Amino acid sequence: MTGATRTTTPRPARTRSWWGWGWADAHPDDAECVAMGALLPGTLARPLPVPRTADLRIGRPAVEAPRSLARTVTDDPAVRAAHAMGKAYRDVVRALRGRPGRIPDLVAHPADDREVADLLEWAGEHGVAVVPFGGGSSVSGGVEYRGDAHRAVLSLDLTAMDRVLEVDAAGRAARIQAGALGPALEDQLRPHGLTLRHFPQSFEFSTLGGWLATRAGGHYATGRTHIDDFVQSLRVVTPAGAGTSWRLPASGAGPSPDRLFLGSEGALGVITEAWMRVQERPRHKASAAVSFTSFEAALEAVRTIAGSDLAPANCRLLDAGEAALAGASRDGSAVLVLGFESSGSPVEARLAQAVDLARAHGGREDGSRDGVSRDGGSGIGGPGNGGGRDGGPGAGAVDAWRSAFLRMPYLRDGLARMGAIAETFETAATWDRVPVLIDAVRTEVGAAALKATGHPATVNCRLTHVYPDGAAPYFTVLAAGRPGDEVAVWDHLKEVAGEVLHRHRATITHHHAVGRDHRPGYDRQRPDPFALALRAAKGALDPHGILNPGVLID
């Protein structure tokens, strides 16, 4: 076991967008926004202006931090505004309209567990709500305060706690602070030849603690798909005290203490560090694209592949609309993107077997395959290492999907500036329910959008994660909004979608957490005795009710 030396790759100085996704300099310009809006009849003629924090009404804080905590706390208006919301469509629109909701009174950047505990103690004594904040990429209302039950709000930003503290190379594990953003985490593991291999779409802008607190799903489609699968031990600071679970490869000793805090979204305690299972960086990668004229046949192909022992790293099925949106298909075909990777042996044979299974269900491989056998590293770009080097259309489809995957959140924000509805939601269900569920969502959400806006909507679907017993459909909704009333329209569409999911016994969220937006669906999904136990845990660990009020339980 060795202490890790923090080694980071120098990165160009860039500014995060306070109101929208990602980097401020990566958003579409006005001309691109207008061009996108022209594809959706009923949108605005000109884009809404990019909002400025200087134009917001930000009052003085309702409280002052004690002198002992002053160095960790700021009341800077711009910093407070950047911590007021997450990055959901409704958050972006509220910022564009100058209505970001309640802005936190203070923002804290603790450097260690002691400072976290001191902040919680002070907040409990003074009735201050504490909203844990990682990268701020929540798309379910998980990092904002709603209501007026507390005299003040403190945003607890953990990104100053961003170190890999220890690496156990023999045991394939690392002790990592919760505030480490994805790139910093991987930069510190890279000198050891290791990777966490967890790459959500928000990788650049989210933290380990955020992944743990929301039970985040990663980029990979099979095997270890959720952050839960990598957890060896957690350290959590609560108003009732701090504790660390034992570091074990496995245990049958009663209910798992880690499971209590995974997915708790900061409502029960603040995760400050974790021992995480890591692995060697992949050296062998290969990918291919397979097209289908029938989406139903493609679903059967994916079910067969998921039930095999091939375990593809990527097995992402795009329906015709989603494939066209990503530039992966222009002939109305559905496209299956397949990818394999390994640290120890070539993967081309496994890819060939998966392609054969897809062909048996009517699939057609689109051109040449893309593969590499070298230390290609690991990254959000996922399996396959580029593509298009040989000019094959199959590699081109993989590349097109990968580029669209990374660019889509920025385009969503551009469409929001045009007054359009542009958002996603995801779920999971068993295979026997998946086909009818997808049809119901397309039909009912599409009809609701038409009724609400007077314009037809596009409702696309892709499968992001697949399992032997089911799959995770992920839906994209594009429609003209009602200018000035976009949030209400989207809330209505989310409500319609939630009803469809509940009726088909599909989860309210597969990997985007409950937050405040999914509370109604979560309340209906969980068993009553579990809700009783969760309420008791909340009362015991957070007796003053200050931790992320309104999340998971009241």
Side-chain angles (χ1 to χ4, degrees), residues 1-8 63-76 79 83 104 106-126 128-136 143 153-168 173-189 196 206-213 227 231-247 257-258 260-262 264-276 541-542 544 546-548:
M1 189 177 294
T2 60
T5 300
R6 181 169 178 183
T7 303
T8 57
V63 294
E64 289 186 11
R67 186 174 300 174
S68 61
L69 296 173
R71 76 175 188 85
T72 69
V73 176
T74 181
D75 62 1
D76 179 86
V79 176
H83 286 76
L106 301 169
V107 177
H109 293 87
D112 54 37
D113 282 15
R114 181 68 265 166
E115 290 184 351
V116 172
D118 289 346
L119 287 161
L120 294 185
E121 182 179 8
W122 168 77
E125 292 173 352
H126 293 84
V128 176
V130 178
V131 180
F133 192 99
V143 294
V153 179
L154 171 74
S155 178
L156 188 68
D157 187 319
L158 297 178
T159 52
M161 302 171 64
D162 65 348
R163 295 178 64 87
V164 173
L165 299 172
E166 293 182 69
V167 172
D168 176 5
R175 182 164 69 98
I176 307 169
Q177 290 183 307
L181 289 158
L185 186 158
E186 287 293 326
D187 282 349
Q188 294 176 75
L189 291 177
L196 181 59
S206 54
T207 63
L208 173 64
W211 302 340
L212 295 167
I227 197 66
V231 174
Q232 200 175 60
S233 166
L234 294 181
R235 178 161 178 78
V236 183
V237 177
T238 80
T244 306
S245 60
W246 285 18
R247 183 186 166 208
D258 296 334
L260 178 63
F261 295 103
L262 287 168
S264 63
E265 301 191 40
L268 303 179
V270 180
I271 299 170
T272 59
E273 65 180 58
W275 272 100
M276 303 297 295
L541 296 172
D542 182 21
H544 298 293
I546 61 169
L547 284 174
N548 219 1

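Computed from a predicted structure; not experimentally measured.
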Is a side-chain donor-acceptor pair under 3.5 Å present for Gln232 with Arg247? yes
Closer than 3.5 angstrom, by distance alone: can the side chain of Ser233 be matched with the main-chain N or O of Ser245 as a donor-acceptor pair? yes
Would you please test Leu119 and Val73 for side-chain contact (heavy atoms from CB on, under 4.5 Å) and show each step? CA-CA 10 Å; Leu119 287 161; Val73 176; 4.0 Å; yes
Any idea which heavy atoms bring Leu547 and Gly269 closest together, and the distance? CD1-N, 3.6 Å
Rounded to the nearest 0.5 angstrom, the CG-CD distance for Leu158 and Glu273 is 12.0 Å
Look up atom CG in Leu154 and atom CD1 in Ile546, then write down how far apart they are to the nearest 0.5 Å. 9.0 Å
Might you point out which heavy atoms bring Leu234 and Asp258 nearest each other, and give the distance in Å? N-OD1, 3.5 Å
Give a yes or no answer on whether the side chain of Asn548 reaches the backbone of Glu265 with a donor-acceptor pair at less than 3.5 Å. yes
Compute whether any side-chain donor of one residue and acceptor of the other, for Ser206 and Trp211, lie under 3.5 angstrom apart. yes
From CA spacing to verdict: side-chain contact (heavy atoms from CB on, under 4.5 Å), Val143, His83: CA-CA 8 Å; Val143 294; His83 286 76; over 6 Å; no
With rounding to the nearest 0.5 Å, note down the distance linking CZ in Arg235 to CD in Gln177. 11.5 Å
Separation between CG of Leu156 and CG of Leu106, rounded to the nearest 0.5 Å: 11.5 Å
Closest approach of His109 to Val79 (non-hydrogen atoms, all atoms of both residues): CE1-CG1, 4.4 Å
Quick one: closest heavy-atom pair of Leu181 and Gly135, and the distance? CD2-CA, 4.2 Å
Non-neighbouring partners of His126 that pass ring-ring contact (aromatic ring centres under 6.0 Å, His included), sequence neighbours left out: Trp122
Between Val153 and Val128, does a side-chain contact (heavy atoms from CB on, under 4.5 Å) hold up when you go through it step by step? CA-CA 5 Å; Val153 179; Val128 176; 5.7 Å; no
Can you confirm whether Asp168 sits close enough to Trp275 that some side-chain heavy atom of one is under 4.5 Å from a side-chain heavy atom of the other? yes
Donor-acceptor pair, distance only, cut-off 3.5 Å: does the side chain of Glu115 make one with the backbone of Ala111? yes
Smallest separation among heavy atoms of Leu268 and Thr238, with atom names: O-CG2, 3.5 Å
Measure the shortest side-chain to side-chain distance between Leu189 and Leu196 over non-hydrogen atoms and say whether it is less than 4.5 angstrom. yes
Classify the side-chain pair Asp157/Thr159 by whether it contains a donor and acceptor separated by less than 3.5 Å. yes
Is a donor on one side and an acceptor on the other found under 3.5 Å between the side chain of Gln188 and the backbone of Ala184? yes
I need the Leu185 CG to Thr207 OG1 distance, nearest 0.5 Å. 9.5 Å
Do Thr272 and Val236 have side-chain heavy atoms sitting under 4.5 Å apart? no
Min side-chain heavy-atom separation Asp75-Glu64 under 4.5 Å: no
Ile227 to Met276 - nearest heavy-atom pair and separation: CD1-CE, 3.8 Å
